[in-house]
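Note sheet for the following structure.
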Amino acid sequence: MPVLLTLDQAPKLHQLLAQANNAGLDCQLVDNELPEPHIQGVGSLTSAGPAEISFLSNPKLQDQLLTCSAAAVIMTPQAHASLVGTQIGFHVVLCSQPYLMYALLAQWFDQHRLQALPTGIHPTAYIHPSAVLEDGVSVGPFCVVEADVRIGKGTRLGPSCIIGAGSQLGRDGLLHARVTLYHRVTIGDRVILHTGCVLGADGFGFAPDPRQTAGAWAKIAQLGGVLIGDDVEIGANTTVDRGALGDTVLSNGVKLDNQIMVGHNVQIGEHSAAAACVGIAGSTVIGKRCTLGGAAMLSGHLELCDDVHVSGGTAITASIRKPGRYTGVYPFAEHIQWQRNAAVLSQMAQLRRRLRTIEKNETSD
Amino acid sequence: MPVLLTLDQAPKLHQLLAQANNAGLDCQLVDNELPEPHIQGVGSLTSAGPAEISFLSNPKLQDQLLTCSAAAVIMTPQAHASLVGTQIGFHVVLCSQPYLMYALLAQWFDQHRLQALPTGIHPTAYIHPSAVLEDGVSVGPFCVVEADVRIGKGTRLGPSCIIGAGSQLGRDGLLHARVTLYHRVTIGDRVILHTGCVLGADGFGFAPDPRQTAGAWAKIAQLGGVLIGDDVEIGANTTVDRGALGDTVLSNGVKLDNQIMVGHNVQIGEHSAAAACVGIAGSTVIGKRCTLGGAAMLSGHLELCDDVHVSGGTAITASIRKPGRYTGVYPFAEHIQWQRNAAVLSQMAQLRRRLRTIEKNETSD
Amino acid sequence: MPVLLTLDQAPKLHQLLAQANNAGLDCQLVDNELPEPHIQGVGSLTSAGPAEISFLSNPKLQDQLLTCSAAAVIMTPQAHASLVGTQIGFHVVLCSQPYLMYALLAQWFDQHRLQALPTGIHPTAYIHPSAVLEDGVSVGPFCVVEADVRIGKGTRLGPSCIIGAGSQLGRDGLLHARVTLYHRVTIGDRVILHTGCVLGADGFGFAPDPRQTAGAWAKIAQLGGVLIGDDVEIGANTTVDRGALGDTVLSNGVKLDNQIMVGHNVQIGEHSAAAACVGIAGSTVIGKRCTLGGAAMLSGHLELCDDVHVSGGTAITASIRKPGRYTGVYPFAEHIQWQRNAAVLSQMAQLRRRLRTIEKNETSD
């Protein structure tokens, strides 16, 4: 595990707990006779060393506590109760939500790295004179900020970002290297965009144009934009196309992993999240708090209501109006077994007919 | 909907129809007593305001005409006939192909934005002395144009494009930001390439090399190129690999959406189109006027004849020699129902055997 | 086929065989009375001309020898034996592994191009003063090399590469244009990285944070790194996320095609290879010498033992502990036939029940 801070920089355990952004969390250090450690980083139960804090969020991993070398472990009061009589060599931090507490501590440690990032406008960046950069905006080498762009206070652009004409970025955003926004893309506050993501490319729209030759296509210019809410995170090499006439919309708190494709005019509701390699075809509307497993694919012009959970690898080809989990994955098997079973798949309708015939015969017997 | 032009710039309705590239289209303004509006943009039937033009191409949306606030609506003579006696507050433009007419009008409005893009060679671009740029070529900031490149008249490169040594681009092309061509990629006229697309990376070719260790691979250097026809459009973050020995070929009029992978030595016929997230493995040959739905996957070394339409999410694992639509998607269901049904899938062959046994018994009864 | 060398540069056939890196291969030129040709390039059996060498590795293509115009053809002694009495117009190179021999010759020809690539540090590159570049490192235009980076001897960076703070690259690597490494990514020797690949972006980790609103997520900062072994090749637009606490690991000799997603904490064993569009979810561990077909998808937290081969388009949702080939692809069909059969899929459990009922009745008869 990486040691994140030198011993000099590392806070004492109680200082760490006090400094992390854990407002609203019940978070309490259990008294014991161990000396109070300095905490240099975070580790898993099996990897954390004596200068690191760890956490137990999955009850199945409770046995790992027995050999854990961490300086301290975050756990629920229930988990702690079940340790009665067990000899442990670490401090215990009680918290009803250890996984959230771990997230907040990891954020705290990462802030040290983030605060050391270069600031200011790099001299090689090209910024159009009409662009407005609020206070504390950082722009990395070889960035291009086009005409009429506005970038909110404290937002940081890594190297080689391109912000298209008329785009608007909110405050305290973090654009990693090589993020590209086409023209007229609007982004809220505290948004994180990863390398290679592309917001606002043309949606895929063509009209058959028989005036040319059979099969030829006329491009439908995409006149809409992209609208991204606050606290959105978008992964590496993900693409969100601009709308044909209206906007493509990602609401507040949406989280998209890498290599995702969001088609034109799609709308995604608040706090919905999609794992990597998901594809969402044009004009589909997704409700709030939905989750899409990796490589799930949604056809166009569908509606998913709030609280729908799609399993990885599932193709959704019709609207879903009832919350719940939906799945459609072909179960894998050893190849030869798959071959035998798959061969029957092309005879399913016939098979059912044969079954019906037998049933009728039985009844008529 | 975005207002695209100020009132000053906006043409009167009949001027707009005269200026758009609608040669060959039957396009006729129906006389009425409404004042003639200036048209500032295009909108959908539900969103267009009194300075916008809209269109009715899907008969199912006809009811939206009743509440439509657009200045004018393009529709077929049939649709218009069915409006007899209905009170409407917009001008009617008769056209046998309203969707194509909409495409052409959207192009016309977008031309205003495109014409305002920066022109000329940006001083930060690096252009090798041996490169030849014809008249009217624009090159954005931080572009790299390597040795022996030729770029045709009027072609525009957005910021940070990279054109590899010996590549050739035709006329009137539009490369958005961060397009990358490896060496020796050849591209026709009027081609549109979106951000992050990569043409000419090495195909995935390795020979088992037992001289090293068991399982080791020797790279097969990819000596071919990429050949792209006229009027091709390629979406954001799509990759088209170079051929192993010959070229990977995209014929005239091919349209590829975002995040598509085209393997080495693939050939795609004229006017074929692929939606996002499609993968086409090496050496597969696709005919003319084919369409591949989103996330369709084609195995390598296949042949698809002309006019094949593959549904989204379908894996094509054998050649197709008959035009038509092909599908292979596992139907999704509520998770618990899927679990019950999927469990039977691994017993299909057995199930069929049991059915046969019963049928035999019946016959022998 | 491209002619790779001018006649002046082209070696005689025996010189070519002597110069290629074929140590350890049995490679023998069969005597004949044809004049010895200069070899300018490599071609397939059907495309190679009289200045090119070709190879026969697939016995099914043996008939192509009859009309082959190549200067020379590499083939096995067995294939040669079966030619007895056939009139051929090319030199024969005997080798027990013609495909490997072809790979080595293609490498030899490509070296000429690679050696002509620009060298040195391009004046537009931005290199942090604390970065250490060993001898013979090349850095292309608009590259960014951040603080505390180390780049090993002979490694070449194409245009617009970004090497994040603290990253380490080994020797003799080749980074094509626009490769991005986040901070603290470690890479071995002789690694090839293609355009648009992104190593070290944040893994997709969020903890539910009810302190905000229902459904809201707290980011789990990703504190681990990425560790890439020797002789790894990674394709265009592929992403490998950094670990949450530990590292994401690609072992020696791993080959990844384009558009692949490797989630955080994944480990891939030596010489395993994945074709394009594969997705591997977080914390999955893949053994040695595995192959993943195109668009295969692996769920998170799985283990695949050594020598597992996953067919293209297959979703792996459980660990695999036995070497072999595994498949789970829905067989495609004409759309109408698929519709009929797929409809039955949602009644599988019911169908089995009906069959059981009949079987019971039969028994009780």
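Within every chain, numbering begins at 1; the chains are lettered A, B, ... in the order of the sequence lines, protein sequences first and strands thereafter.
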### Query
Can you name the closest pair of heavy atoms from C:Tyr126 and A:Pro141 and give their distance?
CD2-CG, 4.3 Å
### Message
Is C:Ala318 in contact with chain A via its backbone, its side chain, both, or neither, using a 4.5 Å heavy-atom distance?
### Response
both
### Task
Check whether A:Ala116 gets within reach of chain C through its side chain, its backbone, both or neither, counting any heavy atom under 4.5 Å.
neither
### Task
Check for a donor-acceptor pair, side chain of C:Trp217 on one end and backbone N or O of A:His271 on the other, with a separation under 3.5 Å.
yes
### Summary
The residue among A:Asp231, A:Ile192, A:Leu104, A:Asp110 that forms side chain to side chain contact (heavy atoms under 4.5 Å, CB included) with C:Lys219 is A:Ile192
### Query
Under 3.5 Å, side chain of A:Asp257 to main-chain N/O of C:Phe204, donor-acceptor pair present?
no
### Task
Please examine the side chains of C:Pro210 and A:Leu100, heavy atoms only from C-beta on, and report whether any two atoms are closer than 4.5 Å.
yes
### Query
What part of C:Thr357 gets closer than 4.5 Å to chain A, counting heavy atoms only: side chain, backbone, both or neither?
neither
### side chain to side chain contact (heavy atoms under 4.5 Å, CB included) between A:Tyr330 and C:Thr314, worked out
CA-CA 8 Å; A:Tyr330 195 104; C:Thr314 294; over 6 Å; no
### Task
Could you tell me which non-hydrogen atom of A:Ala236 sits nearest to which non-hydrogen atom of C:Val198, and how far apart they are?
CB-CG1, 4.1 Å
### Query
Between the side chain of A:Arg178 and the main-chain N/O of C:Arg178, is any donor-acceptor distance below 3.5 Å?
yes
### Message
Quick check on C:Ile260 against chain A: is it the side chain, the backbone, both or neither that has a heavy atom closer than 4.5 Å?
### Response
backbone
#### Entry: Residue, of A:Gln339, A:Arg289, A:Glu359, A:Gln97, that accumulates the most heavy atom pairs under 4.5 Å with chain C
A:Glu359
### Message
Under 4.5 Å from any heavy atom of chain C, what part of A:Arg354 do you find: side chain, backbone, both or neither?
### Response
neither
### Query
Highest number of heavy-atom pairs under 4.5 Å with chain A: which of C:Cys197, C:Ala221, C:Pro208, C:Gly205?
C:Ala221
### Query
Looking only at heavy atoms, what is the nearest atom pair of A:Trp338 and C:Val329, with distance?
NE1-O, 3.1 Å
### Query
What option among C:Gly282, C:Ala214, C:Ser299 has the most heavy-atom pairs under 4.5 Å with chain A?
C:Ala214
### Task
Check each atom of A:Glu270 against the heavy atoms of chain C and say whether the ones under 4.5 Å are side chain, backbone, both or neither.
neither
### Message
Taking the six-membered ring for Trp, are C:Tyr182 and A:His176 closer than 6.0 Å centroid to centroid?
### Response
yes
### Task
Test A:Leu345 against C:Leu345 for side chain to side chain contact (heavy atoms under 4.5 Å, CB included), laying out the working first.
CA-CA 9 Å; A:Leu345 264 190; C:Leu345 263 191; 3.9 Å; yes
### A:Pro159 versus chain C, the contacting section by heavy-atom distance below 4.5 Å
both
### Task
Check whether A:Gln337 gets within reach of chain C through its side chain, its backbone, both or neither, counting any heavy atom under 4.5 Å.
neither
### Query
Once you round to the nearest 0.5 Å, how far does OG1 of C:Thr238 lie from CG of A:Asn258?
11.0 Å
### Task
State whether the side chain of C:Asn341 and the backbone N or O of A:Met348 hold a donor-acceptor pair below 3.5 Å, judged by distance alone.
yes
### C:His183 portion near chain A, given a 4.5 angstrom heavy-atom threshold
side chain
### Query
Where does C:Met261 contact chain A at under 4.5 Å (heavy atoms): side chain, backbone, both or neither?
both
### Task
Walk me through it: do C:Leu245 and A:Tyr102 pass the test side chain to side chain contact (heavy atoms under 4.5 Å, CB included)?
CA-CA 11 Å; C:Leu245 292 168; A:Tyr102 148 56; 3.7 Å; yes
## Note on the structure
Correct closest heavy-atom pair for A:Phe142 and C:Thr124 would be CZ-O, 3.0 Å
### Query
chain A heavy atoms under 4.5 Å from C:Asp202: which part of the residue, side chain, backbone, both or neither?
both
### Task
Quick one: which of C:Lys322, C:Gln212, C:His309, C:Gln222 has the most heavy-atom pairs under 4.5 Å with chain A, could you say?
C:Lys322
### Query
What pair of heavy atoms forms the shortest contact from C:Gly196 to A:Asn237, and how long is it?
O-ND2, 3.2 Å
### Message
So which atom in A:Cys277 and which in C:Gly279 form the shortest heavy-atom distance, rounded to 0.1 Å?
### Response
SG-CA, 4.3 Å
### Message
Is C:Ala333 in contact with chain A via its backbone, its side chain, both, or neither, using a 4.5 Å heavy-atom distance?
### Response
neither
### Task
Before accepting this row, confirm whether a basic side-chain N of the pair C:Arg325/A:Glu334 lies closer than 4.0 Å to the acidic partner's carboxylate O.
no
### Message
With rounding to the nearest 0.5 angstrom, report the CG to OG1 distance, C:Leu181 to A:Thr195.
### Response
10.0 Å
### Query
Which value, rounded to the nearest 0.5 Å, describes the distance between A:Leu355 atom CG and C:Leu351 atom CG?
5.0 Å
#### Entry: Partner chain C: residue of A:Gln107, A:Lys288, A:Arg113 with the largest heavy-atom pair count (under 4.5 Å)
A:Arg113
### Query
Would C:Thr239 and A:Gln259 satisfy side-chain hydrogen bond (donor to acceptor under 3.5 Å, both in side chains), going step by step from the backbone distance to the final call?
CA-CA 8 Å; C:Thr239 53; A:Gln259 310 248 27; 3.1 Å; yes
### Task
Identify which part of C:Thr180 has an atom lying under 4.5 Å from any heavy atom of chain A, answering side chain, backbone, both or neither.
both
### Task
Pick whichever of C:Gly324, C:Pro331, C:Ala315, C:Ala216 has the most heavy-atom pairs under 4.5 Å with chain A.
C:Ala216
### Message
Report which part of C:Ala218 has an atom under 4.5 Å of a heavy atom belonging to chain A: side chain, backbone, both, or neither.
### Response
both
### pair A:Ile336-C:Thr327: side-chain heavy atoms closer than 4.5 Å
no
### Query
Side chain, backbone, both or neither: which part of A:Leu25 has a heavy atom under 4.5 Å from chain C?
both
